[in-house]
Amino acid sequence: MAEKLIFEISQKGKKAYTMPCWDQNKAVDVDRKYLRTEKIGLAEVSEPEIVRHYVNMSTNNHHVDKGFYPLGSCTMKYNPKINEKLSSLDGFAEIHPYQPEETIQGVLKIYHDLAEMLCKISGFDKVSLQPVAGAHGEWTGLKVIRAYHESLGNPRKKIIIPDTAHGTNPASIVMAGYEVIELKSNSEGLVDIEELREKFDEDTAAFMITNPNTLGLFEKNVKKIAEIVHSKGGLLYMDGANFNALLGIVRPADLGFDVMHYNLHKTFSTPHGGGGPGSGPIGVVEKLGKFLPVPEVIEKNGKYYLDYDMPESIGKVHSFYGNFSIIVRAYIYMKVLGSDGLHKVSENAIINANYVKKMLEDTFDLPYKQNCMHEVVFSSENLAQYGIKTLDVAKRLLDFGIHAPTIYFPMLVHESMMIEPTETESKDTLDKFICVMKKIAEEARTNPELLKNAPTATPVRRLDEVLAAKNLDVRYEMK
Ligand SMILES: *Cc1c(COP(=O)(O)O)cnc(C)c1O
């Protein structure tokens, strides 16, 4: 049942909590002209009505606290509630960015120690916590790459990406002033080494790849890739959005990467379904450290300082020091789990994805058969004979209280469905999901009209997505 607007529930004279009447004559410090004389027109409702209104609304949409959320590439893991509670403690939430350094020593220690932990887990020499999204990290990393090449006398012109790249990669490359060159993947869904060797010349600034890539596959030739890139004086960038598959298993710097971004909101647990806020720190090898954004938090004799003395820095990329509250959550998450716990995160993420892969490989097309990392890409091409598309499968999942996987990405797989279970889901949840997916595939054969009209059990039925995007109307029409 659709929830009414709170103004539609409102009835004149209803109250929730009432404060004692305020005696206007006692106002001494306020100029009377600033006092409001008219009512502000809030809804008039009782306390249980308010509570039920918002609780009901919170369940109209899908979220990770309500059900399984296998949205590939996004790592929609369950976020421990204690992170939320601790990150909103007064000492974190009530501070001001212009406060003197000596009054925020604990805060600076968190910046300093989180950067250190991120270095340790990735093998990089330095980390900047300033970028506030993965895409922002990409752009910052590319600016660092440009600054490095400029310092050698030639910024170069091009950056190469594989055809599996996330859409933010080419966008960041263009915004950093480079030309995008696309590389076709080989039949295994990996980088074609020979094509890379042919295309990577002395005018190419960097090769930018995601590892594991967006097909959920580990680039097993990454060391050879690094050799090719470095032999031409280029740099190797790692999109670290899929870092959830590597924690405590392999360090990107050891594989030959020079720069990477982390998506703290994905890998290190922050709720991120609604588009933000996020955090996209970058890690770099030693020779790139001096180009990172200012300021850097440094420690001297047990005291923490903001260091602005970085003459070759690319400058600031965000106001103040990034999204602090996301940084606190990541810090708590890593501290609570420790190195063994983080290793288990990745191990379980990989096991869960391979379990789903194995259990559904006879139900949907599986274009790449090798073991996957933390996510698996299927195709519903086998249902096309019944007139069913991946979109129909995704919509039908909502009727079973499960969020749709990422669909139609990566683009080189026709009718793709990218499933990322994450480590926080139990075998029971995965079994239920597998069972639902098999049922939907069966429905495609026996009752395709049902799928084409799905969802049927959600507050809003299938929307015209183009119209919805162009003509946003968040007000639900009461029928
Ligand atoms: C999510 C993602 C990004 C972009 O990260 P944002 O934090 O959403 O800006 C880049 N690459 C890949 C592979 C991703 O999954």
Side-chain angles (χ1 to χ4, degrees), residues 64 69-77 79 118 128-143 159 161-176 180 182-183 185 189-191 206-219 222 236-246 252 257 259-283 317-318 322-323 325-327 329-330 349 353 372-377 403-413 416-422:
V64 79
Y69 207 137
L71 189 69
S73 215
C74 297
T75 314
M76 303 303 284
K77 58 174 79 180
N79 310 290
L118 290 172
S128 167
L129 300 172
Q130 210 173 100
V132 293
H136 194 199
E138 289 168 22
W139 178 80
T140 307
L142 293 166
K143 294 293 275 186
I159 291 190
I161 52 169
D163 54 3
T164 45
H166 190 269
T168 51
N169 292 183
S172 301
I173 291 170
V174 170
M175 292 200 41
V180 181
E182 194 177 278
L183 202 65
S185 299
L190 302 175
V191 170
F207 183 40
M208 185 176 196
I209 51 172
T210 310
N211 196 22
N213 70 16
T214 60
L215 293 164
L217 306 172
F218 189 77
E219 285 290 351
V222 62
L236 189 58
Y237 183 102
M238 181 167 127
D239 176 328
N242 292 340
F243 200 34
N244 210 47
L246 305 181
F257 286 100
V259 191
M260 89 173 256
H261 77 257
Y262 313 76
N263 299 61
L264 295 189
H265 45 289
K266 294 180 180 172
T267 313
F268 303 106
S269 122
T270 276
H272 59 282
S279 179
I282 60 169
V317 297
H318 194 261
N323 272 337
S325 127
I326 312 305
I327 285 161
R329 284 170 174 87
C372 61
M373 295 293 281
H374 67 307
E375 62 192 351
V376 54
V377 177
H403 195 280
T406 293
I407 56 174
Y408 300 107
F409 177 79
M411 288 192 279
L412 81 166
V413 174
S416 57
M417 278 187 297
M418 183 196 230
I419 298 168
E420 181 182 7
T422 84

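Ligands are counted one by one from 1 in listed order, and the atoms in each one are counted from 1 as well. In what follows, every heavy atom counts, from backbone to side chain, and hydrogens, waters and symmetry copies are set aside.
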Using a strict 4.0 Å cut-off to heavy atoms of Ser73, name the atoms of ligand 1 that fall inside it.
13 (C), 14 (C), 15 (O)
contact_flag His265 ligand 1 heavy-atom lt 4.0 Å
yes
Check: Asn213 side chain, Leu215 main-chain N or O, donor-acceptor pair, under 3.5 Å
yes
Is the shortest distance from a heavy atom of His272 to ligand 1 less than 4.0 Å?
no
Distance in Å, His374 NE2 paired with Leu246 CG, rounded so as to fall on 0.5 Å steps
8.5 Å
Ignoring angles and geometry beyond distance, decide whether Asn263 reaches within less than 3.5 Å of ligand 1 through its nitrogen or oxygen atoms.
yes
Heteroatom proximity flag, Asn242 to ligand 1, N/O under 3.5 Å:
no
Heavy-atom nearest option to atom 3 (C) of ligand 1, drawn from Glu375, Lys266, Met418:
Lys266
Describe, in one word, how the ring planes of His403 and Tyr69 are oriented to each other, choosing from parallel (under 30°), tilted (30 to 60°) and perpendicular (over 60°).
parallel
Side-chain donor or acceptor of Asp163 paired with backbone N/O of Ser185 under 3.5 Å
yes
At a 4.0 Å threshold, what atoms of ligand 1 neighbour a non-hydrogen atom of Ala241?
2 (C), 11 (N), 12 (C), 13 (C), 14 (C), 15 (O)
Show the atoms of ligand 1 that are less than 4.0 angstrom away from any heavy atom in Gly134.
5 (O), 6 (P), 7 (O), 9 (O)
side-chain contact (heavy atoms from CB on, under 4.5 Å), paired with Val377, selected from Pro405, Cys372, Ser416, Ser73
Ser416
Using only atom types and a distance under 3.5 Å, with no angle test, would you say the side chain of Tyr237 pairs donor to acceptor with the backbone of Gly141?
no
At what distance is the nearest protein heavy atom to atom 11 (N) of ligand 1, and which residue and atom is it?
Asp239 OD2, 2.6 Å
Going by distance only, is there an N or O of His136 that falls short of 3.5 Å from an N or O of ligand 1?
no
Could an N or O of ligand 1 be found under 3.5 Å from any N or O of Ala135, whether backbone or side chain?
yes
Report yes if Cys74 has an N/O atom closer than 3.5 Å to an N/O atom of ligand 1; otherwise report no.
no
Under 3.5 Å, is there a donor on one side chain and an acceptor on the other for Asn169 and Asp239?
yes
Note: Leu190 and Glu219 closest approach over all heavy atoms is CB-OE1, 3.6 Å
